[in-house]
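The figures that follow rest on heavy atoms only: side chains count, while hydrogens, waters and symmetry mates do not. Keep in mind that this is a model prediction, so the values were computed, not measured. Each residue takes its place number in the sequence, starting with 1.
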Amino acid sequence: MTQTAPQFNAFTPPRRILMGPGPSDVPERVLAAMARPTIGHLDPAFQGMMEELKTLLRYAFQTGNRLTFPVSGPGSVGMEMCFVNLVEPGDKVIVCSNGVFGGRMLENVKRCGGVPVVVEDPWGRAVDPDKVEAAFKAHPDAGVLAFVHAETSTGAQSDAAALAAIARRYGALTIMDCVTSLGGTPVLIDAWGIDAAYSGSQKCLSCTPGLSPVTFSERAIERVQARKAPVQSWFMDLNLVLGYWGGEGARTYHHTAPINPLYGLHEALRILAEEGIENAWARHRRLHEALKAGLERLGLAFVVPEAERLPQLNAIFVPEGVNDAAVRARLLNEFNLEIGAGLGAYAGRVWRIGLMGHACTAKNVRYCLEALGQVLGRG
Ligand SMILES: *Cc1c(COP(=O)(O)O)cnc(C)c1O
């Protein structure tokens with residue numbers, strides 16, 4: 001007995017405007033690139049594309065790191081790759097926690113058998129460099145500092161240059177989450193002296209989800225090569241991945257790369273390079289100012305103090321007496337507009353309006369303000 005074959009229509013997604021915490025709107029050029037013929041992942045033509053992709057990623061990260069490539073997996077896999085390689089059982093790690101993603105970093109440290117030293121800051125605030133300095137003073141043997149540059153759960157941006165400088169002074173490596181910042185606000189891996197960073201394809205890079213750009217400094221590679229214990233994850237072991245992504249010419253099979261999504265990322269990064277990264281940063285800043293002015297006219301208050309705000313993720317409080325879910329449902333159903341709900345401690349209390357990559361346009365800012373005004377009866 002076999003099961004009856006299910007018969008469905010082809011899936012046709014509705015057209016939405018994506019102004020949440022990611023994914024952001026994907027340009028037609030990227031979607032078209034992904035629809036091109038699949039070829040073998042060891043095909044010389046594909047390898048040529050991969051070399052360009054690494055160069056484009058070095059530009060996005062502003063780094064000369066040779067070990068810069070897209071991990072086959074979402075941002076969370078890029079995060080794990082940094083931790084499983086750089087944290088060995090018994091290693092002390094200073095972890096900054098000021099939102100959901102800092103909490104996930106802490107979870108990673110524990111699962112690697114590391115000894116976490118947690119630096120807590122309130123939700124909605126940047127990481128306090130003085131607290132990080134104090135943590136290193138109390139724990140000079142800490143070998144790694146981990147922090148989130150752009151905390152998407154709250155919309156707060158931390159001073160990555162200051163935090164990385166402290167880690168350097170104490171001889172520690174730095175792991176930075178720049179999933180939401182890459183392509184939206186300055187990420188300067190080499191100038192700041194960051195040793196390991198991971199991002200995501202679906203936020204300010206406006207590619208489809210499922211790829212995680214990462215970059216590792218020579219100091220980070222030395223640390224991995226000097227490990228006493230083997231990396232507990234076979235898939236994420238950098239020593240093995242190096243042969244695949246790092247080896248120019250002599251590539252060997254490690255896993256089958258997600259061919260078509262990589263075409264998409266190549267195109268998304270070409271779009272970023274055509275605009276120029278400084279121009280992309282300026283666009284996010286300018287349109288954030290326009291959105292902010294409009295939200296304030298509607299009487300909506302920001303969660304994060306002005307000096308610590310991320311332009312590409314605007315967290316605002318749900319007004320007293322307004323039903324969070326009902327508003328978001330109306331925006332989606334009547335306006336085809338997606339905005340984000342609050343996460344964790346902010347569930348039901350906060351909306352998160354993304355202005356990421358291709359979705360960060362003057363037209364979208366006007367449309368979002370108009371839609372919110374109508375739904376809230378404040379237009
Ligand atoms: C989105 C996000 C992640 C996780 O990325 P996924 O692609 O969803 O796994 C990690 N950190 C931050 C700051 C993010 O915004």
Side-chain angles (χ1 to χ4, degrees), residues 21-22 24 57 60-63 65 68 74-76 78-83 86 93-106 108-109 119-129 131-132 144-168 172-205 212-217 220 272 277 280-281 284-285 288 303-305 307-315 343 352 354-357:
S24 60
L57 280 177
F61 278 122
Q62 294 288 296
T63 184
N65 286 343
T68 302
S76 305
M79 180 189 287
E80 294 228 20
M81 183 171 249
C82 292
F83 285 93
L86 293 175
V93 180
I94 297 181
V95 191
C96 305
S97 178
N98 61 337
V100 166
F101 294 101
R104 285 198 189 172
M105 283 183 145
L106 172 59
N108 268 274
V109 172
V119 172
E120 283 273 354
D121 276 294
W123 280 48
R125 296 303 305 269
V127 173
D128 181 350
K131 289 188 190 170
V132 172
V144 175
L145 168 69
F147 67 90
V148 179
H149 182 215
E151 198 22 283
T152 322
S153 62
T154 68
Q157 175 158 255
S158 292
D159 186 345
L163 298 175
I166 297 167
R168 277 267 146 132
L173 297 183
T174 303
I175 298 177
M176 178 174 79
D177 176 320
C178 56
V179 175
T180 283
S181 44
L182 193 69
T185 41
V187 170
L188 306 174
I189 297 297
D190 290 0
W192 295 344
I194 305 287
D195 295 293
Y198 58 91
S199 188
S201 48
Q202 77 276 27
K203 310 230 174 166
C204 294
L205 299 180
S212 176
V214 294
T215 186
F216 295 91
S217 71
L272 178 67
I277 200 158
W281 298 334
H284 284 86
R285 170 63 50 199
H288 159 75
V303 169
V304 178
E308 297 170 8
R309 263 176 222 163
L310 272 171
Q312 63 272 50
L313 197 285
N314 298 266
L343 273 187
R352 293 180 301 150
L355 275 179
M356 296 186 180

Find the distance between CE (M81) and CG (L86) and round it off to the nearest 0.5 Å. 10.5 Å
For H149 and L182: C-alpha separation, side-chain torsions, deciding distance, then whether side-chain contact (heavy atoms from CB on, under 4.5 Å) applies. CA-CA 10 Å; H149 182 215; L182 193 69; over 6 Å; no
Are the side chains of L106 and S97 in contact, using a 4.5 Å heavy-atom criterion? no
pair L145-I166: side-chain heavy atoms closer than 4.5 Å: no
Is S199 close to V187 at the side-chain level, that is, under 4.5 Å between some pair of heavy atoms? no
Minimum heavy-atom separation for G184 and H284, please, with both atom names. O-CB, 3.5 Å
E308: partners by side chain to side chain donor-acceptor pair (under 3.5 Å), with sequence neighbours left out: R125
Report yes if the side chains of W192 and L163 come closer than 4.5 Å at any heavy-atom pair, otherwise no. no
Is the closest side-chain heavy-atom distance between M79 and D177 below 4.5 Å? yes
Not counting sequence neighbours, which residues clear side chain to side chain contact (heavy atoms under 4.5 Å, CB included) with A172? List them please. F136, A167
Looking only at heavy atoms, which two atoms of C96 and V132 are closest? And how far apart? SG-CG2, 3.8 Å
Would a 4.5 Å heavy-atom cut-off, applied to side chains only, mark F147 and T174 as touching? yes
How about L355 and N314: do any of their side-chain heavy atoms sit closer than 4.5 Å? yes
Atom of I194, atom of A164 and distance for their closest heavy-atom approach: CD1-CB, 3.8 Å
Would you give the length of the straight line joining atom CG of D121 to atom CD of E151, rounded to the nearest 0.5 angstrom? 11.0 Å
4.5 Å side-chain heavy-atom contact, F216 and D195: no
In chain order, what residues pass the side chain to side chain contact (heavy atoms under 4.5 Å, CB included) check against T180, with sequence neighbours excluded? A150, T152, K203, L310, Q312, M356
So among V303, V100, N98, which one has a side-chain contact (heavy atoms from CB on, under 4.5 Å) with W123? V100
For residues V304 and A156, report the shortest heavy-atom separation together with the two atoms involved. CG2-N, 3.9 Å
Value for OG1 (T154) from CG (L313), rounded to nearest 0.5 Å, stands at 7.5 Å
Closest non-hydrogen atom pair, Y198 against S212: CB-OG, 4.1 Å
Out of curiosity, M176 CE to F61 CZ, how far, rounded to the nearest 0.5 Å? 8.0 Å
Do any N or O atoms from the side chain of E80 and from the backbone of N108 form a donor-acceptor pair under 3.5 angstrom? no
Given side-chain contact (heavy atoms from CB on, under 4.5 Å), test L57 with T215 step by step and report yes or no. CA-CA 9 Å; L57 280 177; T215 186; over 6 Å; no
Can you measure from CG (D128) to CD (E120) and round to the nearest 0.5 angstrom? 12.5 Å
OG of S76 to CZ of F101: how many Å apart, nearest 0.5 Å? 7.0 Å
Regarding N65 and S217, is there a side-chain donor-to-acceptor distance under 3.5 Å anywhere? no
Minimal heavy-atom distance between G99 and S153, with the atoms involved, is CA-OG, 3.6 Å
